[in-house]
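Contents: one structure, followed by commentary.
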Amino acid sequence: MTYTSLALTLAFVLIPLILSKTLKLGLEKDTIIATVRSVIQLFFVGYVLKFVFDSESFFYIILMVLLMITVATLNARKKGKNIKGITWKIAFTLIVIEIVTQGILIGFQIIPPTAQYIIPISGMLLGNSMVLSILFLNRFTAEIEANVEIIELILSLGGTPKQAIHNQLINAIKTSVIPTIESQKTIGLVQLPGMMSGQIIGGADPVQAVQFQLLILFGLLTTATLSSILIGFLSYPTLFNERMQFITHNLSQKNND
Amino acid sequence: MTQPLEVTIHFEHVHYEKNSSFILKDVTGDFYKGKITTIVGPSGAGKTTVLKMCNGLISPTSGDIIIDGKNINEFSPTSLRQYVGIALQNAPLIRGTVYDNLALPMTLQNKLLSEKKAISTLEDVSLDMNILYRDVHNLSGGQKQKVSIARTLMNQPKILLLDEITSALDPTSTNEIEQLILSINRKYNVTIIWITHNLGQAKRVGDYTWVMMGGELVESGESSLLDHSTNKRIQQFVEGKA
Ligand SMILES: Nc1ncnc2c1ncn2[C@@H]1O[C@H](COP(=O)(O)OP(=O)(O)O)[C@@H](O)[C@H]1O
Ligand SMILES: [Mg+2]
């Protein structure tokens, strides 16, 4: 694609701008900000990737992955402010995800250990892990808030913190993983997954594109399940003290972002 | 009263602070072994807080709680909570059947509750045995309270804490529960601490009474104090409620 044709795709930005203006939707400013940001951010990433690919240095690959983990952690931790040390728990989870998935992919020689493969696949899997962590923390907090009485009840009868929070933990894990599984059941029937579409447009053989898409989908199943389980089991002990008391003030300060 | 009174729970200058506001202020007082002590006072007085402390669900910000001569912190949380059982306000029930709820204290110890024992427990709290496998959503308020009490009794506590267990019940169920608690108290010599907003009940079932207001223990003594207190605040409270 030439830069001229890319410039012509700005027609797709112009249409919503005109519509927003005539119908007084008030979306012009945000549309323009979104356009400018995506252009700058994606070209920046594109040039960084080009640099990393050209350098053929493993050091830069690791640096890129660490950067992705940092950004994803900072994003996800906003949802778990009430959990002590949530930043490190999320970072640890993402590192485990990266090691497990790349370990399998590279270890079994499913992909070659080059930047071209490691970085985009890490990006997709870590991005999903971040979304799942946010989803899980939302659900877990909501489950706990709705069941404070039951948690206290179990403690009052001599149950341990793990027994007291077990149902809320399992429910939150389950409900945060289900959308990933459900979306895979209908995949390809309604819309083609983004990565596969990109590859096909880029000229790849559709069956080859399907193979890589499946690799990602299977990887997503692991990241979804593993992220919420890891975050869950790392987080719940901070809600109790050593006298097996439920520290409700950790939850009473609601986060609104 | 030939037997000397024996203190089973002692509060010593207990304070409790939450979000930098005082919920309990310098509470010092006793609960006697084998006796029924009722706790009365307006809502928000700190009554539930006192019970939760006895069961170890919360700890004082400062001050001590002594149980049978030992500081409460020397008990393991689990054994304390089995020894000092609590029937919580609003009788929270876990999802499932009556059996699931009765079995909960055993389940938590990886033990099984036999159907026979479950049925005899239902009889103890005068519940019909054919509700054993009923979903708890379909129980009346009185039935829920009885299930909650029966569940607490499963751990065979020597001290039983009751938080407004009859406040949502009709007079018949209330009377049944009062008789039930009195018989548990006499038969097994279980110490009872009973929060109630019903002053008639507080006098009827109580040997001793704590009157709490605004986080303080205003007066404590034999339950007749409710009729003879010289404290103006207590007189007003009793008149307002009676
Ligand atoms: N978890 C909590 N967080 C903040 N305040 C609380 C909490 N629990 C109780 N309180 C406050 O402490 C006071 C005493 O509560 P409580 O012991 O439940 O009173 P009572 O049982 O006599 O109605 C009340 O003002 C209540 O609002
Ligand atoms: Mg109360």
Side-chain angles (χ1 to χ4, degrees), chain A residues 80-84 86 139-178 232-233 235-256, chain B residues 16-21 48 51-60 65 71-96 100-111 136 147-148 150-157 160-161 163:
Chain A
K81 275 185 193 140
N82 38 32
I83 293 166
K84 224 166 57 192
I86 191 64
R139 299 261 157 98
F140 193 40
T141 311
E143 278 278 337
I144 291 170
E145 275 169 358
N147 289 286
V148 172
E149 271 199 330
I150 296 293
I151 295 169
E152 271 205 332
L153 166 74
I154 294 174
L155 292 174
S156 81
L157 291 168
T160 61
K162 183 149 180 260
Q163 288 172 322
I165 203 123
H166 180 264
N167 279 345
Q168 287 65 48
L169 186 59
I170 297 302
N171 281 346
I173 291 173
K174 234 160 89 177
T175 51
S176 54
V177 172
I178 284 173
F233 278 86
S235 301
Y236 88 81
T238 64
L239 299 171
F240 300 88
N241 65 17
E242 73 293 341
R243 291 293 296 163
M244 295 195 188
Q245 294 165 344
F246 185 51
I247 319 173
T248 37
H249 66 78
N250 273 358
L251 285 160
S252 55
Q253 309 153 348
K254 274 233 174 117
N255 48 6
N256 296 312
Chain B
Y16 185 63
E17 201 184 326
K18 186 134 195 180
N19 307 331
S20 60
S21 68
T48 297
L51 283 208
K52 285 186 176 176
M53 278 185 179
C54 295
N55 173 262
L57 280 176
I58 50 180
S59 296
I65 298 173
N71 192 299
I72 196 167
N73 294 323
E74 292 173 34
F75 292 81
S76 85
T78 301
S79 57
L80 170 70
R81 287 167 189 171
Q82 288 164 357
Y83 186 72
V84 186
I86 184 168
L88 292 164
Q89 200 166 354
N90 307 326
L93 299 179
I94 60 165
R95 259 173 280 184
D100 295 331
N101 275 277
L102 293 181
L104 181 60
M106 323 281 290
T107 314
L108 294 173
Q109 300 171 52
N110 299 314
K111 289 185 202 151
V136 292
V147 170
S148 163
R151 183 180 57 194
T152 302
L153 292 174
M154 280 291 170
N155 277 331
Q156 298 182 299
L160 179 61
L161 315 171
D163 198 347

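A, B, ... follow the sequence lines: proteins, then strands. Residue 1 opens every chain.
- Among B:I58, B:T152, B:L80, B:L104, the residue with the largest count of heavy-atom pairs under 4.5 Å with chain A is B:I58.
- In this structure, CD1 on B:I65 lies 4.5 Å from CD1 on B:I72, to the nearest 0.5 angstrom.
- With no hydrogens or angles considered, a side-chain donor-acceptor pair links B:D163 and B:T48 at under 3.5 Å.
- Looking at B:L88, only its side chain comes within 4.5 Å of chain A, counting heavy atoms on both sides.
- At a threshold of 4.5 Å between non-hydrogen side-chain atoms, the residues A:F233 and A:I173 count as touching.
- Proximity to chain A involves both the backbone and the side chain of B:I94, based on heavy atoms less than 4.5 angstrom apart.
- B:L153 is linked by a side-chain contact (heavy atoms from CB on, under 4.5 Å) to B:I149, B:L160, B:I184, counting only residues two or more places apart in sequence or in another chain.
- Heavy-atom distances place the backbone of B:L93, and not its side chain, under 4.5 Å from chain A.
- Of all residues spanning residues 161-170 of chain A, those with a heavy atom less than 4.5 Å away from chain B's heavy atoms are A:Q163, arranged by number.
- Judged as a side-chain contact (heavy atoms from CB on, under 4.5 Å), and not counting sequence neighbours, the contacts of B:E74 are B:K70, B:N71.
- Taking the six-membered ring where the residue is Trp, B:F75 and B:Y83 present parallel rings, their angle staying beneath 30° rather than reaching 60°.
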Walk me through whether A:S235 and A:I86 qualify under side-chain contact (heavy atoms from CB on, under 4.5 Å).
CA-CA 7 Å; A:S235 301; A:I86 191 64; 3.9 Å; yes
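- Residue B:S148: no heavy atom, backbone or side chain, is found under 4.5 Å from chain A.
- With sequence neighbours excluded, the residues satisfying salt bridge (Lys or Arg N to Asp or Glu O under 4.0 Å) with A:E152 are B:K52.
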